Asker: 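Sharing a structure, written as structure tokens. Questions coming.
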Amino acid sequence: MELTFGRFVAALRNADVRASPAETLTAFEIVVRVGIDDKALLKDSLALALAKSRDEKARFEDTFERFFALAFRERAKPSFVRRVDRDAILGELQAGASPSLVETVANVLDDDRDSLAFRIHRAGGRAGIHGISSLREKPIFARQIGAFLGLDELDAYLANPGLAASEPESRELLRYLRHYFRTQIGDYVDAQYRLHLDASGKKAILEAALKSNLDQLPVAYHQEVRRVVEMLAAKLAKEHRRRRKRARRGVLDLKKTLRSNVAYNGTVFDLKWRQQKREPAALFVMCDVSNSVARVARFLLLFLYELTDILPHIRAFAFSSRLGEVTEVMREKPTEAAIEEVLFAWGKGNTDYARAFADFRELCGSAVNQHSTLIVLGDARSNYYDPRADIFEELTRRAKQTYWLNPEPRDQWREGDSEMRRYAPYCFRVETCNKLRDIERFADRLLSMAP
């Protein structure tokens with residue numbers, strides 16, 4: 001029971017039901033008290049201990065039903081039409097097949113689906129399917145389970161006309177049974193994969209999407225990627241708070257410590273630490289939201305605004321042809337709705353970096369000072385307009401440091417209408433930023449410099 005319950009809790013956590021160790025112990029005591037005879041009572045009792053929110057309760061119910069599908073399985077109704085002699089088929093199989101294969105075929109011919117399901121489950125346990133770790137392992141486990149049930153022998157049996165059943169109807173039924181067994185095993189392996197590794201059924205596809213460029217990410221995966229962004233931002237924020245707490249103490253101030261402890265005859269009781277005073281730093285973010293950069297801009301803005309408690313002085317600007325400030329929109333509306341509004345309002349027209357930089361200088365050029373960080377996200381493609389690198393140089397001189405995040409690979413920065421080579425000399429750092437890990441790496445670097 002302990003092993004099964006532990007695997008159930010692991011499946012819940014995989015489905016984003018956050019069960020703490022204390023809650024897990026409480027739930028196990030519930031199982032001991034209520035027993036496992038009454039499915040509804042067991043499910044409701046465990047839900048009280050393990051699922052907190054409405055979403056978690058829905059995920060708990062789905063995971064419970066799939067995990068305990070075999071334990072609370074309703075007996076299947078007979079569905080096979082007995083067109084052949086059961087004893088004749090089993091008799092011919094017994095002549096050259098293993099007891100495992102004979103039992104597997106007998107389970108279906110007798111309509112004993114529960115026994116077949118249990119044997120598949122037991123074979124999965126012997127194969128170690130609870131340790132499945134990737135999508136590529138699914139066919140491996142399916143073959144191993146099939147071997148435990150004797151399906152390799154069935155393949156060889158049907159491939160040898162001299163050993164196969166002589167009646168055409170018998171051969172046809174055995175071929176059907178082989179397909180049926182493979183289907184049942186495949187369904188079981190898929191269910192175990194979803195329980196223990198990929199509760200949503202999208203993890204493998206999402207992982208592949210996250211490794212690809214964000215500008216190629218299908219719209220259908222935006223919501224899933226948003227959840228990943230939120231988790232990464234929360235992780236970075238937590239780590240930064242820990243680093244900042246350590247850094248706040250500073251280093252020992254020896255002179256102040258000695259003066260403070262004169263009254264104790266030189267015994268050090270009261271330690272004094274050097275404190276570094278930092279001016280509040282402003283972060284100015286200029287995002288090209290034209291079609292070529294919009295998807296990367298979406299996730300950069302989302303990432304930065306998930307860190308507003310750590311980076312509170314963010315001012316955001318969006319542009320394609322003209323530039324406008326979107327700070328209040330991002331603060332007052334839910335993040336996703338705000339981003340959609342920004343993309344719709346400012347993502348029209350031909351990209352013109354010169355006009356965007358001029359608009360930025362007019363709006364808040366005087367607010368950029370030696371405590372400011374300027375971030376530009378864009379491909380630097382200005383449709384052959386005058387790039388006005390002089391305006392950009394003026395802005396970067398006012399700022400403490402300037403970062404340019406370009407979604408295009410470096411080998412394209414000198415092609416066509418790209419002006420990256422004109423802007424790059426005035427930047428503290430120019431980086432390729434077209435994957436989620438690029439945004440995460442940049443945000444981590446940004447946090448390390450935050451006060």
Side-chain angles (χ1 to χ4, degrees), residues 214-215 229 232-233 236-237 240 280-290 292-308 310-320 323-327 329-331 335 338-339 342-343 346 351 353 356-361 363-365 367-382 389 391-408 413 419-420 422-451:
L214 289 174
D215 56 2
V229 168
L232 289 175
L236 279 179
H240 173 71
L283 190 64
F284 295 89
V285 185
M286 299 175 60
C287 285
D288 179 353
V289 292
S290 60
S292 58
V293 194
R295 292 188 183 181
V296 181
R298 170 192 296 274
F299 293 111
L300 177 65
L301 287 172
L302 176 59
F303 214 121
L304 291 178
Y305 272 86
E306 288 295 324
L307 299 171
T308 48
I310 304 297
L311 300 169
H313 304 290
I314 298 179
R315 293 183 65 179
F317 301 81
F319 69 92
S320 52
L323 176 140
E325 185 167 3
V326 296
T327 305
V329 176
M330 297 296 298
R331 286 177 179 168
T335 308
I339 291 175
V342 168
L343 295 178
W346 298 97
T351 308
Y353 279 81
F357 291 142
D359 289 344
F360 179 79
R361 181 177 60 181
L363 285 172
C364 59
V368 180
N369 55 36
Q370 67 272 22
H371 302 297
S372 304
T373 297
L374 177 62
I375 300 172
V376 181
L377 172 68
D379 56 10
R381 294 192 177 276
S382 196
I391 301 178
F392 183 66
E393 179 188 7
E394 177 187 340
L395 295 172
T396 59
R397 282 203 311 267
R398 296 180 183 180
K400 177 182 179 181
Q401 53 197 356
T402 301
Y403 292 91
W404 192 299
L405 307 179
N406 194 320
E408 293 187 343
W413 291 359
E419 299 292 349
M420 196 67 251
R422 303 279 295 275
Y423 296 131
Y426 308 115
C427 300
F428 175 73
R429 188 186 295 269
V430 181
E431 299 183 359
T432 299
C433 182
N434 54 20
K435 295 182 174 62
L436 190 57
R437 65 169 176 262
D438 297 333
I439 297 179
E440 180 190 11
R441 189 184 305 116
F442 172 74
D444 188 32
R445 185 181 298 114
L446 202 62
L447 287 176
S448 67
M449 298 183 298

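Everything numeric in this text was worked out from a predicted model, so none of it was measured.
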Asker: Go through the steps to decide whether Arg445 and Glu431 satisfy the test side chain to side chain contact (heavy atoms under 4.5 Å, CB included), and finish with yes or no.
Answerer: CA-CA 12 Å; Arg445 185 181 298 114; Glu431 299 183 359; 2.5 Å; yes

Asker: Under 4.5 Å between any side-chain heavy atoms of Leu300 and Leu405, yes or no?
Answerer: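 Yes - at least one pair of side-chain heavy atoms lies under 4.5 Å apart.
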
Asker: Any sub-3.5 Å donor-acceptor pair from Trp346's side-chain atoms to Asp288's backbone N or O?
Answerer: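 No; judged by distance alone, with no hydrogens or angles, the pair does not exist.
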
Asker: Report yes if some heavy atom in the side chain of Met286 is under 4.5 Å from a heavy atom in the side chain of Phe357; otherwise report no.
Answerer: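 Met286 vs Phe357: side chains touch.
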
Asker: Do you know which two heavy atoms are closest between Ala367 and Ser372, and how far apart they sit?
Answerer: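 For Ala367 and Ser372, the tightest heavy-atom pair comes out as O-OG, 3.7 Å.
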
Asker: In chain order, what residues pass the salt bridge (Lys or Arg N to Asp or Glu O under 4.0 Å) check against Arg422, with sequence neighbours excluded?
Answerer: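 Listed in chain order: Glu419.
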
Asker: Which atoms form the tightest heavy-atom contact between Cys427 and Trp404, and what is the distance?
Answerer: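 Shortest heavy-atom separation between Cys427 and Trp404 comes out as SG-CB, 3.9 Å.
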
Asker: Okay, side chain of Ser320, backbone of Thr351: is any donor-acceptor separation there less than 3.5 Å?
Answerer: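 Checking the backbone N and O of Thr351 against the side chain of Ser320, no donor-acceptor pair under 3.5 Å is found.
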
Asker: Do Arg441 and Asp444 sit within salt-bridge range, that is, some charged N less than 4.0 Å from a carboxylate O?
Answerer: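 No.
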
Asker: For the ring pair (Phe, Tyr, Trp, His ring centres under 6.0 Å) test, which of Phe360, Phe392, Phe319 pairs with Tyr353?
Answerer: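 Of Phe360, Phe392, Phe319, ring pair (Phe, Tyr, Trp, His ring centres under 6.0 Å) with Tyr353 is met by Phe319 alone.
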
Asker: State, with a plain yes or no, whether a side-chain heavy atom of Tyr403 is found less than 4.5 Å away from one of Thr373.
Answerer: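 A side-chain contact exists here, since the closest heavy-atom pair is under 4.5 Å.
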
Asker: Grab the two heavy atoms, one from Val329 and one from Ala338, that are nearest each other, plus how far apart they are.
Answerer: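 Scanning both residues, the minimum pair turns out to be O-CB, 3.4 Å.
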
Asker: To the nearest 0.5 Å, how far apart are CG in Leu377 and CD1 in Ile439?
Answerer: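 Reported value, rounded in 0.5 Å steps: 7.5 Å.
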
Asker: Rounded to the nearest 0.5 Å, how far apart are CG of Leu436 and CG of Leu302?
Answerer: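 Result: 9.5 Å between the selected atoms.
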
Asker: Could you walk me through whether Leu283 and His313 satisfy the side chain to side chain contact (heavy atoms under 4.5 Å, CB included) test, starting with their C-alpha distance in whole Å, then the side-chain angles of each, then the deciding distance to 0.1 Å, before giving a yes or no?
Answerer: CA-CA 6 Å; Leu283 190 64; His313 304 290; 5.9 Å; no

Asker: Less than 4.5 Å apart, side chain to side chain, heavy atoms only: is that true for Phe284 and Leu395?
Answerer: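 No, side chains not in contact.
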
Asker: Can you see which heavy atom on Ala399 is nearest to which on Leu374, and at what distance?
Answerer: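 Heavy atoms of Ala399 and Leu374 come nearest at CB-CB, 4.3 Å.
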
Asker: Minimum heavy-atom separation for Phe317 to Cys364, with atom names?
Answerer: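 Looks like CZ-SG, 3.4 Å.
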
Asker: How close do Thr327 and Ala316 get, counting heavy atoms only, and between which atoms?
Answerer: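 In this case the closest contact between Thr327 and Ala316 is OG1-N, 2.9 Å.
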
Asker: Are the side chain of Trp413 and the backbone of Glu408 linked by a donor-acceptor contact shorter than 3.5 Å?
Answerer: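 Side chain of Trp413 to backbone of Glu408, a donor-acceptor pair under 3.5 Å: yes, one is there.
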
Asker: Would you say that Thr432 contacts Asn406 through its side chain, given a criterion of any heavy-atom pair below 4.5 Å between the two side chains?
Answerer: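 The answer is no; the side chains never approach within 4.5 Å.
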
Asker: Val289 pairs by side chain to side chain contact (heavy atoms under 4.5 Å, CB included) with which of Ile339, Leu343, Val326, Val296?
Answerer: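 Among Ile339, Leu343, Val326, Val296, the one that satisfies the side chain to side chain contact (heavy atoms under 4.5 Å, CB included) with Val289 is Leu343.
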
Asker: Mind checking the CD1-CD spacing from Ile391 to Glu393? Nearest 0.5 Å is all I need.
Answerer: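 Interatomic distance, Ile391 CD1 to Glu393 CD, rounded to 0.5 Å: 11.5 Å.
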
